[in-house]
Amino acid sequence: MSSSSSPGFGLNAPQYAAVKYMDGPCLVLAGAGSGKTRVITQKIAHLIEDCGYEPRHIAALTFTNKAATEMQERIAKLLKEPKQAKHITVSTFHSLGVKILRQEARELGLKDRFSIMDSDDCFSIVQDLAITTDKQLIRRIQTAMSLWKNGLVDPEQAIKQAVTEDEAQAARIYRSYVATLAAYQAVDFDDLIRLPVELFRSNEAVRDKWQRRLRYLLVDEYQDTNTCQYELVKLMVTGIGKKPMFTAVGDDDQAIYAWRGATIENLKTLQVDFPDLKVIKLEQNYRSSTRILQAANAVIGNNPKLFEKSLWSEHGLGDPIKVMAMADDEQEAEQVAIMLSAHRFERRAKFSDYAILYRGNHQARIFEKALRRERIPYVMSGGQSFFDKAEIKDIISYLRLIANSDDDPAFIRAITTPRRGVGQATLEVLGTVAGQWQCSLFEAVFKGGIEAKLTDRQLYPLREFCNFINQLEARASRVGPAGSGENAAAVLDDMMKEINYEHYLYDCFDDRQAQGKWQNTLDFTNWLKDKGNGGKDGAGEEKNLLELTQMVALMSMLEGRDEEPDAVRMSTLHASKGLEYPHVFLIGVEEGILPHKGDPDAPIETIAARIEEERRLMYVGITRAQRSLHVSWCKKRKRAGDSVHCDMSRFIKEMRLDEGDAVPKEEEQITPQNRLASLKALLQKPRAA
Ligand SMILES: Nc1ncnc2c1ncn2[C@@H]1O[C@H](COP(=O)(O)OP(=O)(O)OP(=O)(O)O)[C@@H](O)[C@H]1O
Ligand SMILES: [Mg+2]
């Protein structure tokens, strides 16, 4: 057992050892809540304060932007000079990729103002290339392409490897897709990591430069890196005559991204590739009370073990875990909302102390309604992100076009929202000639010969639009820390005024909708201005409009904005990784949902592997809770209008709850009718610590 006395930095002995270890590569392998992320922040402070590292020579990789922001704030608090924190690269793999690509774009034949396509853009591109509207098919092709990219398989290799006709078709589309992105001067999310890897592999000088730039690397949630990300880490830390300097932390029991190409094998590979890797294990959990931890250990005990681990906590037994069987999903949502409200009242807790966690986004809708009815404020993560809202994407399309006029998808969206007298027929002609001339739509508008293709009346609004974008571009490129004084805020404000977006919204939607949408765009532009000035307290780097645009593209990936009002967090299990909440409601824990039903025709070993991954997801969910955990499942659930019978998830049985962990009888459930009495009863009970 680890000692809980603190040898320094507020850490236990093995944590301290991991922080102090500077002789080479180091892997901290430990269960949930054991302080892995804390080791990373403390180690960064140690590198700066005690080892003479300059902040700009340190890079820490986190799994989400939110985690990165939090980490940077925490490090700032640990430093004698908190301002130094902003010079540390704390980012996701994808943001680091953008940083590298932005500086090395030319080496890759990209302009430095490349666009980043989100998965909707990519969906449309594949749709065009595959000449199909079959959404399932398009998604399958997208997934295949993503796995190829993450596995560092290029189109020619993919074509050669294809066995079935479906694979061959996907591989051919992959080849055209890569060419299309190149024509748009655009990259997709997978490229953000793949391209730096290719660059570092092929260009020793560039790799050397980045190795000198980033001298110590730290990786959080290492178990969820994919082949490509692992390759990037390796390329960044190894070189002839160079001692690899990095610390990775991870937990094989929390690997939940195999479906996106992540591979736990990377944990083993690390030991093979770096034979003198120092492996440190942590066993004390600082997050959860013992009952929660025991349930988590019991569940994950059903998976085969890669590494032996056992977690314990000093927090005492804690509240019993409550399992609730609900009649149906309506009742589940209603009950959870009422119970949460009562629980919060009883504990005098904040809304933000609560999280409602679920397997899939579709489960959230019914809860949103119930929460609204109970007047419980909530924020969503891992669902439809703020940045995926149509109005936000409209504004972003302008920003993207200002940054990169070759970005055809952005061009089409911006020129048609609001409409500027450019019709579909005009755009089709423009698209055809741009294809023939091998140039972007924007470029085609001014190319000699276009007059023969389009009438003056068609051409005029096109040119007016392009001139408008050019003017904004000229101003935007003057924006920035070293700019001539015109800041991102002014350019944004003028742009919003010029396009008269508010007017457009009121034209297209009813007043209430338009108002909501307009408020969203205001929230967005204000947030953007704030980021441009270096964030809330100016703790981050100042950013120009181009950098802001690229940052926004990344935000849409996994998460929402980073503000934290006092609200209940609603999140998918995937998006809850690394986070902790005093009180957690884990909902919809049924066979078919968690574990997810998956493909019934899959071969046995993949079914087994899938159940194991689902079990890890359950483990992640349970271990988010600090003090209380409620688990609910429904006997019936509506699916496509029909009410279908559901069974309790095997994972609930696997929690091996004892008598103390209550399963409330139906008559004990709180209903709107007996609610007052229930609340009174709650208040009369002695309050838990
Ligand atoms: N030595 C310690 N003393 C007191 N509290 C600690 C210590 N180490 C970690 N903690 C606290 O325990 C909680 C969990 O730590 P942390 O988030 O770093 O764990 P983790 O291993 O990264 O968890 P996960 O696997 O879920 O990402 C945090 O609130 C952290 O501040
Ligand atoms: Mg962590």
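Keep in mind that the numbers below use all heavy atoms, side chains included, and drop hydrogens, waters and symmetry copies. First listed ligand is number 1; within each ligand, the first listed atom is number 1. Note that the structure is predicted; figures quoted are calculated from it, not measured.
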### Query
When you check the side-chain N and O atoms of Tyr257 and Lys577, is any donor under 3.5 Å from an acceptor?
no
### Task
Test the Arg615-Phe651 pair against the cation-pi criterion, namely NZ or CZ under 6.0 angstrom from the six-membered ring centroid and within 45° of the ring axis.
no
### Query
Between Phe585 and His630, what is the ring plane arrangement, given parallel below 30°, perpendicular above 60°, and tilted in between?
parallel
Which residue from [options] reaches closest to [atom] through any of its heavy atoms?
{"atom": "atom 23 (O) of ligand 1", "options": "Gly578, Ser576, Gly33", "answer": "Gly33"}
{"atom": "atom 28 (C) of ligand 1", "options": "Glu580, Arg287, Gln626", "answer": "Glu580"}
{"atom": "atom 15 (O) of ligand 1", "options": "Gly35, Ser288, Pro14", "answer": "Gly35"}

When you measure from the heavy atoms of [X] to every atom of ligand 1, does any distance fall below 4.0 Å?
{"X": "Leu11", "value": "yes"}
{"X": "Ala32", "value": "yes"}
{"X": "Asn12", "value": "yes"}
{"X": "Gln284", "value": "no"}

### Glu221 neighbourhood, listing ligand 1 atoms whose heavy-atom distance to it stays under 4.0 Å
27 (O)
### Task
Could you list the atoms of ligand 1 found under 4.0 angstrom from a heavy atom of Arg624?
26 (O)
### Task
Rounded to the nearest 0.5 Å, what's the gap from CD on Gln271 to NZ on Lys268? Could you check?
10.0 Å
### Query
Taking all atoms of both residues into account, what is the closest heavy-atom pair of Tyr286 and Asn12, and its distance?
OH-ND2, 3.0 Å
#### Entry: Residue that, paired with Lys149, satisfies side chain to side chain donor-acceptor pair (under 3.5 Å) out of Asp190, Asn226, Asp188
Asp188
### Task
Not counting sequence neighbours, which residues clear side-chain contact (heavy atoms from CB on, under 4.5 Å) with Arg213? List them please.
Thr89, Lys99, Gln103, Trp210
